[in-house]
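The structure appears below as structure tokens.
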Number of protein chains: 2
Amino acid sequence: MDVIADAIAGRIRLERENRGWSLSELAERSGVSKAMISKVERCEASPTATVLGRLSGAFGLPLSVLLALAERAEERLARAADQPVWTDPETGYTRRAVSPANGGGLELIEVTLPAGVRVPYPASAFAFQRQQILLLEGRLDFTEGEVIHELSAGDCLELGAPQACVFFNPSKVSARYLVALTRR
Amino acid sequence: MDVIADAIAGRIRLERENRGWSLSELAERSGVSKAMISKVERCEASPTATVLGRLSGAFGLPLSVLLALAERAEERLARAADQPVWTDPETGYTRRAVSPANGGGLELIEVTLPAGVRVPYPASAFAFQRQQILLLEGRLDFTEGEVIHELSAGDCLELGAPQACVFFNPSKVSARYLVALTRR
DNA sequence: GTATTTCGTCTACTATAGGAGACGATTTTG
DNA sequence: CAAAATCGTCTCCTATAGTAGACGAAATAC
């Protein structure tokens, strides 16, 4: 029935499952009850702006980006101009959702990492998803647990077991890399 | 209190007033009661996704764009990558919200109009706002009521009394123009 | 194999979103 | 100036969003 509610529901479930979070875990992180999240994901309730704001906050995404991702669920072609982009105002880290749909379980994200910037990721963000990192431009020091991989343009790294990771651009110019995700 | 609700409230009121619509008129167009819209604009209620979808529909904007505009209310610098863009899938008409804030009551929008495309606007869309059109690139035939203005790159037109208008690109290449809006 | 934890859904209840219409204030019409 | 339309808010009332906790199923522990 309500097309937008459907899209939101699917996207929220996708974001949650990609992180390997249970309803209880998302409930804790967002402050929304797990019963409500369950209803939203099954389209049995239309979330208020307040609830949507808390959920997108838990995912670390601006609400508009979460919805942009939801709205494009049916498209197969994503023009550059339409791709949801989010820039962290502090570091200048820019994340562009390249893939059109969430269908197919495959998602490409293009990231621009300014010179000298460090971006740490907790292990939980990677659970339940396979991912590879392809360095398009510049240099990238990728720390995976204890190991440090020094990548140059063209290098492609497949991540192993979920571990705390750090993206670091050691050079004087911006680095651009592609992250390819798929569910485990 | 709720920062996102505040931003949404302000943006909805702005979009409504820019069109010169009363609460009753927006209520009719969106199917949301005017009492509810009043509450939302005054932050006395948090709209559900369903209601937000109907409102953005009435404004002719995707929900994600409406929210992107709302979220940027506090920023003063809008990088090209962060500017909300919307492309009409049928015509290829692309609208980019260039201005960072809605404050100052001045808003710039960059439009790309593909070759041969006609975009009509009802008079109601212009009521209560002054606007000028600056043609950046290509050619544009702008029909204002009975009068037709044939614009070339660099030409700038100020709109008069609210009338039904048509944007038409008569050439073989895309046209780019800037729309500058301010409240009457 | 049984016990325990963890998962998502369901039940029962409360808070609030959302709608129909009344109301005073302001503007428009004549 | 008075009458009528129109504005936004406010007052009810109902539908539903949202929460706490119970529940059965499935995975995990031991």
Side-chain angles (χ1 to χ4, degrees), chain A residues 1-2 4-58 63 66-67 70 124 127-129 161-162 183-184, chain B residues 1-2 4-59 63 66-67 70 123-124 127-129 161-162 183-184:
Chain A
M1 44 178 61
D2 197 344
I4 184 71
D6 243 13
I8 294 176
R11 191 69 208 185
I12 288 175
R13 170 166 267 152
L14 187 76
E15 293 290 337
R16 178 174 68 83
E17 293 186 341
N18 273 353
R19 288 168 173 77
W21 294 350
S22 67
L23 286 179
S24 309
E25 184 158 6
L26 178 54
E28 258 181 61
R29 289 170 179 264
S30 62
V32 179
S33 73
K34 67 174 181 174
M36 192 59 213
I37 302 174
S38 173
K39 283 192 214 165
V40 168
E41 286 188 354
R42 286 175 296 130
C43 277
E44 291 201 357
S46 178
T48 58
T50 311
V51 164
L52 285 176
R54 287 193 213 150
L55 290 176
S56 64
L63 181 50
L66 185 67
L67 285 167
S124 64
F128 289 88
Q129 56 187 15
R183 302 224 34 229
R184 222 183 258 277
Chain B
M1 39 180 69
D2 197 342
I4 184 70
D6 243 13
I8 294 176
R11 190 69 207 186
I12 288 176
R13 170 167 268 153
L14 187 75
E15 293 291 335
R16 178 176 68 84
E17 293 185 342
N18 273 354
R19 289 167 173 77
W21 294 350
S22 67
L23 286 179
S24 310
E25 185 158 6
L26 178 55
E28 258 181 62
R29 289 171 179 264
S30 61
V32 179
S33 72
K34 67 174 181 174
M36 194 58 216
I37 302 173
S38 173
K39 283 189 213 165
V40 169
E41 288 187 352
R42 285 174 297 130
C43 278
E44 292 202 355
S46 178
T48 58
T50 311
V51 163
L52 284 176
R54 286 193 216 153
L55 290 176
S56 64
F59 292 139
L63 181 50
L66 185 68
L67 285 169
S124 64
F128 289 87
Q129 56 187 15
R183 303 225 31 229
R184 224 183 258 279

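Chain letters run A, B, ... following the sequence lines, proteins first, then strands; residues in each count from 1. Since we're looking at a predicted model, the values are computed, not measured.
- For A:A5, the side chain to side chain contact (heavy atoms under 4.5 Å, CB included) partners two or more places apart in sequence, or in a different chain, are A:D2.
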Go through it in stages, so that I can follow the logic: the residues are A:I12 and A:L52, the test is side chain to side chain contact (heavy atoms under 4.5 Å, CB included), and I'd like the CA-CA distance, side-chain angles, deciding distance and then a yes or no.
CA-CA 9 Å; A:I12 288 175; A:L52 285 176; 4.2 Å; yes

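- A donor-acceptor contact shorter than 3.5 Å is absent between the side chain of A:R19 and the backbone of A:L26.
- Every residue meeting the side chain to side chain donor-acceptor pair (under 3.5 Å) condition with A:E44, not counting sequence neighbours, appears here in chain and number order: A:R42.
- Contact between the side-chain N/O atoms of B:R42 and the OP1/OP2 oxygens of D:dC10 is found at a separation under 4.0 Å.
- For A:A9, the side chain to side chain contact (heavy atoms under 4.5 Å, CB included) partners two or more places apart in sequence, or in a different chain, are A:C43.
- Taking atom CD of A:E17 as the reference point, atom P of C:dT6 lies 19 Å away to the nearest angstrom.
- Regarding B:L23, its CG atom lies at a distance of 17 Å from the P atom of C:dT26, rounded to whole Å.
- With sequence neighbours excluded, the residues forming a side chain to side chain contact (heavy atoms under 4.5 Å, CB included) with B:A27 are B:K34, B:I37, listed by chain and number.
- Rounded to whole angstrom, the span from the CD atom of B:E28 across to the C1' atom of D:dC7 amounts to 14 Å.
- Atoms CD (B:E25) and C1' (D:dA5) sit 15 Å apart, rounded to a whole Å.
- OP1 or OP2 of D:dG8 has at least one side-chain nitrogen or oxygen of B:R16 nearer than 4.0 Å.
- In terms of phosphate contacts, B:S38 brings no side-chain nitrogen or oxygen within less than 4.0 Å of OP1 or OP2 of D:dG8.
- Residues satisfying the side chain to side chain donor-acceptor pair (under 3.5 Å) criterion with B:S46, sequence neighbours excluded, are A:T50.
- Atom CD in B:E41 sits roughly 15 Å away from atom C1' in C:dG18 (whole-Å rounding).
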Spell out protein contact along nucleotides 15-21 of chain D as letters: B when the base is contacted, S when just the sugar-phosphate is, - when no protein heavy atom is under 4.0 Å; keep the 5' to 3' order.
--SBBB-

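- Remark: B:A35 pairs with B:S33 by the side chain to side chain contact (heavy atoms under 4.5 Å, CB included) rule, at least two apart or across chains.
- As a whole-Å value, the separation of B:L52 CG from C:dA17 C1' is 12 Å.
- Qualifying salt bridge (Lys or Arg N to Asp or Glu O under 4.0 Å) partners for B:R16, counting only residues two or more places apart in sequence or in other chains: B:E41.
- For the helix from C:dG1-D:dC30 to C:dG30-D:dC1, the angle separating the two terminal helix axes comes to 30°, with each axis derived from five pairs and the value rounded to 10°.
- The CD1 atom of B:I12 sits 15 Å away from the P atom of D:dG8 (whole-angstrom rounding).
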